[in-house]
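Read the structure below first, then the notes.
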Amino acid sequence: MLDIKRIRENPEAIKSGIKNKNDNTDVDKILSLDEKRREIIREVEDLKSKRNKVSQEIAQKKKAGENADKTIAEMKAVGDKISSLDSDLRELDEAIRNIIIWIPNLPHQSVPVGSDESANVVVREWGKIEKKDFKVLPHWKIGEKLDILDLEAATRISGSGFYLLKGLGAKLQRALVNYMLDTHSASGFLEIAAPFIVTADSMFGTGQLPKLENDMYKTTEDSMYLIPTAEVSITNCYKQQIISHGELPIKMVGHSPCFRREAGAAGKDTRGMIRVHQFDKVEMVKIVEPENSYVELETLVEQAEKILQGLNIPYRVSMLATGDLSFAAAKCYDIELWSAGIEKYLEISSVSNFEDFQARRMNCRFRDKDKKVRHPHTLNGSGLALARLIPAILENFQNNDGTVSIPEVIRPYMGGIKQIG
RNA sequence: GGAGAGGUGGCCGAGUGGUUGAAGGCGCACGCCUGGAAAGCGUGUAUAGGUAACCCCUAUCCAGGGUUCGAAUCCCUGCCUCUCCGCCA
C-alpha cells in the first residue's frame, strides 16, 4: 500500500509509476477525497476538543451541586454534529481505502521501463547448456517411463493440473527440499514451518488480496485461503508487530505446498508438471532496514542461485521490466533454468523487493537506531520451486540409456544412489 | 463441539461513568552518587492522525456497534486466549 502522504506530496511521480505498471488508478480522485477528509478532521476535532473541555466543566458544576442542564443540552447538539461528521469521515476513509488498496507498488528507478516481458533485461547467465547427442525426452515421458511420475493418477485423484510423484520421484522431491532448506539455513535463514491456510487479512498483508482473489483457493465455511506461496505465511509472521531495534535483518526460509487456481491458463505451457494447481516450493523471506534493501535483494538472488550452482544446472537471471512486475513488487529478478527436454527456459525463481509496500499493508514496523518507528522493507525469493526443478533434473540429467543421474549434492539425501532407472 | 473465566502500556497489575493516556511495580534509557560496580536517589520511557512543528489538538485500555453532555468503566455483536469436558492425528 502506498503512503497517502507520498501520494499527496508527489502526485506526478505516482501517476507515472502507476502508468509504467500498466495500472490506471485515478490519483486525482484520491487527492480530492483526501483534501475533503482532512477538512472534516479539522472540523470534527475542534468540536471534540470543545466537548472534552465542556464535559469537564459539567463535572465540576455537578460536583459543586450546580445545575448544568443548559450546558448539557448544548452539548447534546455538539455530540450529534460530531457523530454525523464522524460518519462522513468513515465513509471518506472507506472510499479512499477502496482506491488505494488497488494501487500497485511503484517500480524502483533502476527497473527498465516497458509494458511487458519483452522489455526484461538478462543480467547474467551461468553454466553451459550441454548439447546431448540423443533426443532428450520431456519430463512427463521420462518420468512415466521410470515410474516415478504418475500424472494419470493425479488426474484421477484431483482432476487436471496436478502431479503425483512416487518411489524415487517422491524421494527426489524430499531430497531437494532438504538440500535447499539446509543450504539456506547454513546461510543464516531461520527455518519456519508455518500454516498453509491463512486469513483474508494475511492475504491482504502481502498483497494477494484484493487483486488476486480469483487466483486462489478459498474455503467456503470460514473464508480462509490456501496459500499460493509460503511468502504469505512467513512474511505475515511479523504482521502488526513492532520489531525491536537490532533484530533486523530477519531472514527466514520455509517449505510449503503452493495452491494456485491458474484460472484461464489452460492450454499454455501446461504439459506435465510445469503449470499445476499445487506444487511444492522453498521460499526465502527477508525483513530489512530500508537503507539496505537493494543490497539485500542482490544477495537474495545470489542465495537462490547457489542452489542451481550446487546442482550444476545452467540458468540466466533477468531483471523484470516495469510492466512485468507483480502487483506488490518494486523490483524483481527472475531466475530461469534451461530445460533440455522441452528446450525452454523455465522460470524457477522470482526474487523481489517490495520496499515498504507489504509492511504498510501488514502494519509491520521496526524501531530504528534513533528509536523511531518505521516500516521495514520486505523481500522474498523462491529457493526454489520443485515443480520446475524436478522436470529440469529429469531432462538435464537424462542419459541416453533412459536413466537419470542424481546431481551429486543430492546423493547424500537419497541414500547414496547415483541414478534413477 | 459443550461449560466456565478473561482480554488494560515492552511486561506484571490497579481502575466507584466525570482532569485516567491511564495508579503502582518490573524492565529499559539517561543523570546523580562511586576508584569502579551494586544498592540508593532523580528524570524520562506508547502508537497513529491533524499540523511546518513529539508547541498544541484529536483518537486509541481486543475489534465493531449502542446508551450518555461525558465510556477503560454500562449494553449488544464478533474475534482471540485460558481452564475443564468431548472429539481427534
Side-chain angles (χ1 to χ4, degrees), chain A residues 1-10 30-101 193-205 209 219-225 233 236-248 250 257 356-376:
Chain A
M1 197 148 63
L2 299 184
D3 185 4
I4 183 76
K5 278 187 195 155
R6 188 172 163 204
I7 299 176
R8 203 186 286 154
E9 283 158 18
N10 326 282
I30 297 176
L31 291 174
S32 74
L33 288 170
D34 177 55
E35 184 50 48
K36 198 161 176 201
R37 172 179 161 271
R38 286 185 294 154
E39 217 170 86
I40 292 181
I41 285 175
R42 284 190 286 268
E43 189 180 350
V44 76
E45 286 192 352
D46 275 352
L47 289 174
K48 283 180 179 172
S49 173
K50 182 178 174 189
R51 179 176 69 182
N52 288 344
K53 280 200 193 87
V54 176
S55 285
Q56 280 180 30
E57 289 168 23
I58 291 172
Q60 296 299 321
K61 281 189 185 176
K62 289 214 162 179
K63 234 177 223 168
E66 293 171 33
N67 186 302
D69 290 355
K70 198 180 157 210
T71 322
I72 288 174
E74 279 172 28
M75 281 303 105
K76 178 147 180 66
V78 171
D80 289 346
K81 182 70 181 164
I82 288 173
S83 36
S84 136
L85 287 173
D86 267 342
S87 134
D88 291 350
L89 203 53
R90 265 197 300 276
E91 275 172 36
L92 278 170
D93 281 338
E94 186 69 17
I96 292 170
R97 184 183 152 84
N98 281 339
I99 301 175
I100 225 168
I101 60 173
F196 304 150
I197 305 178
V198 303
T199 58
D201 187 56
S202 293
M203 284 299 182
F204 178 82
L209 285 178
T219 69
T220 50
E221 295 298 312
D222 331 277
S223 295
M224 303 277 283
Y225 293 82
S233 311
N236 275 293
C237 280
Y238 288 90
K239 177 170 74 176
Q240 288 160 16
Q241 299 297 301
I242 297 180
I243 299 162
S244 305
H245 173 244
E247 277 190 58
L248 299 183
I250 290 167
D356 65 3
F357 191 80
Q358 293 182 325
R360 282 182 185 284
R361 293 170 88 94
M362 291 193 295
N363 193 23
C364 167
R365 291 161 297 170
F366 77 104
R367 216 172 280 281
D368 70 12
K369 61 179 188 302
D370 301 321
K371 295 185 177 177
K372 270 192 65 176
V373 175
R374 295 156 64 199
H375 294 284

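Chain identifiers are assigned alphabetically (A, B, ...) following the order of the sequence lines, protein sequences preceding nucleic acid strands; residue numbering begins at 1 within each chain.
On the P atoms, B:rU47 is 14 Å away from B:rC55, given to the nearest whole Å. Taking the P atom of each, B:rC69 and B:rA14 are spaced 33 Å apart, rounded to whole Å. Rounded to a whole angstrom, the distance from the P atom of B:rG10 to that of B:rC85 is 35 Å. Rounded to a whole angstrom, the distance from the P atom of B:rU45 to that of B:rC62 is 23 Å. Atom C1' of B:rC54 sits at a distance of 16 Å from the matching atom of B:rA59, rounded to the whole Å. The separation of B:rG15 from B:rC87, taken at their P atoms, amounts to 40 Å, rounded to a whole angstrom. When the C1' atom is compared between B:rA72 and B:rU19, the two are found 16 Å apart, to the nearest whole Å. Taking the P atom of each, B:rU77 and B:rC28 are spaced 44 Å apart, rounded to whole Å.
At whole-Å resolution of the value, CD in A:Glu43 and C1' in B:rC57 are 15 Å apart. For the pair A:Lys53 NZ and B:rC56 C1', the interatomic distance rounds to 10 Å; values are reported in whole Å. If you measure from atom CD1 of A:Ile242 to atom P of B:rC11, you get 11 Å, rounded to the nearest angstrom. Going from atom CG of A:Asp69 over to atom P of B:rU68 covers 15 Å, rounded to whole Å. One can place CD of A:Glu39 at 15 Å from C1' of B:rU51, the figure rounded to the nearest angstrom. Distance CG (A:Leu85) to P (B:rU58): 16 Å, rounded to an integer number of Å. Taking atom NZ of residue A:Lys372 and atom C1' of nucleotide B:rU45, one finds them 18 Å apart after rounding to whole Å. Regarding A:Arg365, its CZ atom lies at a distance of 8 Å from the P atom of B:rU47, rounded to whole Å.
Put simply, A:Asn52 has a side-chain N or O that comes within less than 4.0 Å of OP1 or OP2 on B:rA59. Taking side-chain N and O atoms only, A:Arg42 has no distance below 4.0 Å to OP1 or OP2 of B:rU58. Residue A:Thr71 has no polar side-chain atom (N or O) positioned under 4.0 Å from OP1 or OP2 of B:rC69. Of the side-chain N and O atoms in A:Arg8, none sit less than 4.0 angstrom from OP1 or OP2 of B:rG49. A close approach under 4.0 Å does occur between a side-chain nitrogen or oxygen of A:Lys76 and OP1 or OP2 of B:rC69.
Remark: B:rA46 base-pairs with B:rU60. Criterion, Watson-Crick or G-U wobble with two distances under 3.5 Å. Across every strand in view, B:rC54 sits unpaired, with no contact that passes the Watson-Crick or G-U test at under 3.5 angstrom. Searching all strands for a Watson-Crick or G-U wobble partner of B:rU73 with both distances below 3.5 Å returns nothing. For B:rG17, there is no paired nucleotide, since no Watson-Crick or G-U wobble pair has both relevant distances below 3.5 Å. Pair assignment for B:rC11: B:rG25, on the basis of Watson-Crick or G-U wobble contacts that are both within less than 3.5 Å. Within the shown strands, B:rG2 is the pairing partner of B:rC84 under the Watson-Crick or G-U definition, both distances less than 3.5 Å. Base pairing annotation: B:rA37 forms no Watson-Crick or G-U wobble pair, as no partner gives both donor-acceptor distances under 3.5 Å. B:rA89 is unpaired under the criterion used here, namely a Watson-Crick or G-U wobble arrangement in which both key atom distances are under 3.5 Å.
Nearest to the side-chain atoms of A:Ile72 among the listed nucleotides B:rC69, B:rU51, B:rU47 stands B:rC69. Out of B:rC69, B:rG50, B:rU19, the shortest distance to the side chain of A:Gln56 is found at B:rU19. For A:Ala59, the listed nucleotide lying nearest its side chain is B:rG18; candidates were B:rG18, B:rC69, B:rA59. Checking B:rU47, B:rG65, B:rG49 against every side-chain atom of A:Arg90, the shortest atom distance belongs to B:rG65. Closest to the side chain of A:Val373, out of B:rC69, B:rA48, B:rG49, is B:rA48. Comparing B:rU47, B:rG50, B:rG65 against the side chain of A:Glu45 picks out B:rG50 as the nearest.
The residues A:Lys48 and A:Asp86 are annotated as salt-bridged, a charged nitrogen and a carboxylate oxygen being separated by less than 4.0 angstrom. Using a 4.0 Å cut-off between charged side-chain N and carboxylate O, A:Lys372 and A:Asp368 make no salt bridge.
Separation of atoms CD1 (A:Ile101) and CG (A:Leu2) is listed at 12.5 Å; rounding is to 0.5 Å. One distance of note links CD1 of A:Ile40 with CZ of A:Arg90; it measures 12.0 Å at 0.5 Å rounding. Atom-to-atom distance recorded for A:Asp34:CG and A:Ile7:CD1 is 8.5 Å, nearest 0.5 angstrom.
The main-chain N or O of A:Ile242 is never found under 3.5 Å from a side-chain atom of A:Arg365 such that the two would form a donor-acceptor pair. At distances below 3.5 Å, not a single donor-acceptor pair connects side-chain atoms of A:Ser55 with backbone N or O atoms of A:Asn52. Using modelled atom types, no side-chain atom of A:Asp356 and backbone atom of A:His375 make a donor-acceptor pair closer than 3.5 Å.
Toward the 5' end of RNA chain B, the nearer of the two residues A:Gln60 and A:Lys5, judged by each one's closest nucleotide, is A:Gln60. Each of A:Arg51 and A:Arg367 was assigned the nucleotide of RNA chain B with the nearest heavy atom; the assignment lying further toward the 5' end belongs to A:Arg367.
When the shell of 6.0 Å around NZ of A:Lys239 is examined, it contains more than 12 heavy atoms from other residues, nucleotides or ligands.
Using a 4.0 Å heavy-atom cutoff across all strands shown, A:Ile41 reaches sugar-phosphate atoms only and no base atom.
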Considering only nitrogen or oxygen atoms on both sides, find all protein atoms under 3.5 Å from nucleotides 21-23 of chain B and state each distance.
none

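A cation-pi arrangement is absent between A:Arg6 and A:Phe357, since the terminal nitrogen or guanidinium carbon is not both under 6.0 Å from the aromatic centre and inside a 45° cone about the axis.
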field: side chain to side chain contact (heavy atoms under 4.5 Å, CB included) between A:Met224 and A:Met203, intermediate numbers included
entry: CA-CA 9 Å; A:Met224 303 277 283; A:Met203 284 299 182; over 6 Å; no

